[in-house]
Colleague: 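Have a look at this one before I ask anything.
Computation of the quantities below employed the complete heavy-atom set of this structure, encompassing side-chain atoms and omitting hydrogens, waters and symmetry-equivalent molecules.
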Amino acid sequence: MPKLDLPAWVANLEEEDLHFVKRLVLASGSLKELAAEYGVSYPTIRARLDGVIERVKILDMHDGDDPLEARIRILVAKGEMQPKIGKDLLALHRNSRRS
């Protein structure tokens, strides 16, 4: 079987997110069923899905861009990095690439 070139949004998702997407597909997109599988409430699964959607949007929007920029954007989207710090790091990184 030939190896596929994965789109950046797939290749850069964390394993946990990929597993979540797989389970969602196997549940035929039913968030209610997925919530039961995980043993959590529907709103918890909905929030988790919203987070995955946000990360996919960020990765897809910056497809082909610098992987460091994509990673910083994901950390900000996940709330693991403050937006101001992310903005400052992106500016420093862009300036260093111009030099």
Colleague: Determine whether Leu26 and Leu24 fall in the same hydrophobic cluster, where Ile, Leu, Val, Met, Phe, Trp and Tyr are linked whenever their side-chain heavy atoms lie under 4.5 Å apart.
Modeller: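 Not linked; separate clusters.
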Colleague: Rounded to the nearest 0.5 Å, what's the gap from CD1 on Ile72 to NE2 on His93? Could you check?
Modeller: 7.0 Å
Colleague: Report yes if the side chains of Arg73 and Met81 come closer than 4.5 Å at any heavy-atom pair, otherwise no.
Modeller: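 Result no, sub-4.5 Å side-chain heavy-atom pair not found.
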Colleague: Pairs in or reaching into residues 25-40: which pass side chain to side chain donor-acceptor pair (under 3.5 Å), with residues at least two apart or in two chains?
Modeller: Arg23-Glu37
Colleague: Output yes when Glu14 and Arg71 qualify as a salt bridge under the 4.0 Å nitrogen-oxygen rule, no when they do not.
Modeller: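 Looking at Glu14 and Arg71, the cut-off is met.
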Colleague: Distance-only criterion, 3.5 Å: show the donor-acceptor pairs between side-chain atoms of residues 42-50 and protein atoms not counting sequence neighbours.
Modeller:
{"unit_1": "Thr44", "atom_1": "OG1", "unit_2": "Ser41", "atom_2": "OG", "d": "2.9"}
{"unit_1": "Arg46", "atom_1": "NE", "unit_2": "Asp50", "atom_2": "OD1", "d": "3.1"}
{"unit_1": "Arg46", "atom_1": "NH2", "unit_2": "Asp50", "atom_2": "OD1", "d": "2.8"}
{"unit_1": "Arg48", "atom_1": "NH2", "unit_2": "Glu16", "atom_2": "O", "d": "3.2"}

Colleague: I need the Leu89 CG to Glu69 CD distance, nearest 0.5 Å.
Modeller: 11.0 Å
Colleague: Counting N and O atoms only, with roles assigned by atom type, does the side chain of Asn95 sit under 3.5 Å from a partner on the main chain of Ala91, one being a donor and the other an acceptor?
Modeller: yes
Colleague: I need the Lys22 NZ to His19 NE2 distance, nearest 0.5 Å.
Modeller: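 Result: 7.0 Å between the selected atoms.
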Colleague: Quick check: is Leu75 connected to Leu92 through a chain of hydrophobic side chains (ILVMFWY, heavy atoms under 4.5 Å apart)?
Modeller: no
Colleague: Supply the atom-to-atom distance Ile85 CD1 to Leu90 CG, rounded to the nearest 0.5 angstrom.
Modeller: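 With rounding to 0.5 Å, CD1 (Ile85) is 12.0 Å from CG (Leu90).
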Colleague: Not counting sequence neighbours, which residues clear salt bridge (charged side-chain N to carboxylate O under 4.0 Å, His left out) with Glu15? List them please.
Modeller: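 Result, salt bridge (charged side-chain N to carboxylate O under 4.0 Å, His left out) vs Glu15: none returned.
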Colleague: Working to the nearest 0.5 Å, report the span between CZ of Arg55 and CG of Asp17.
Modeller: 4.0 Å
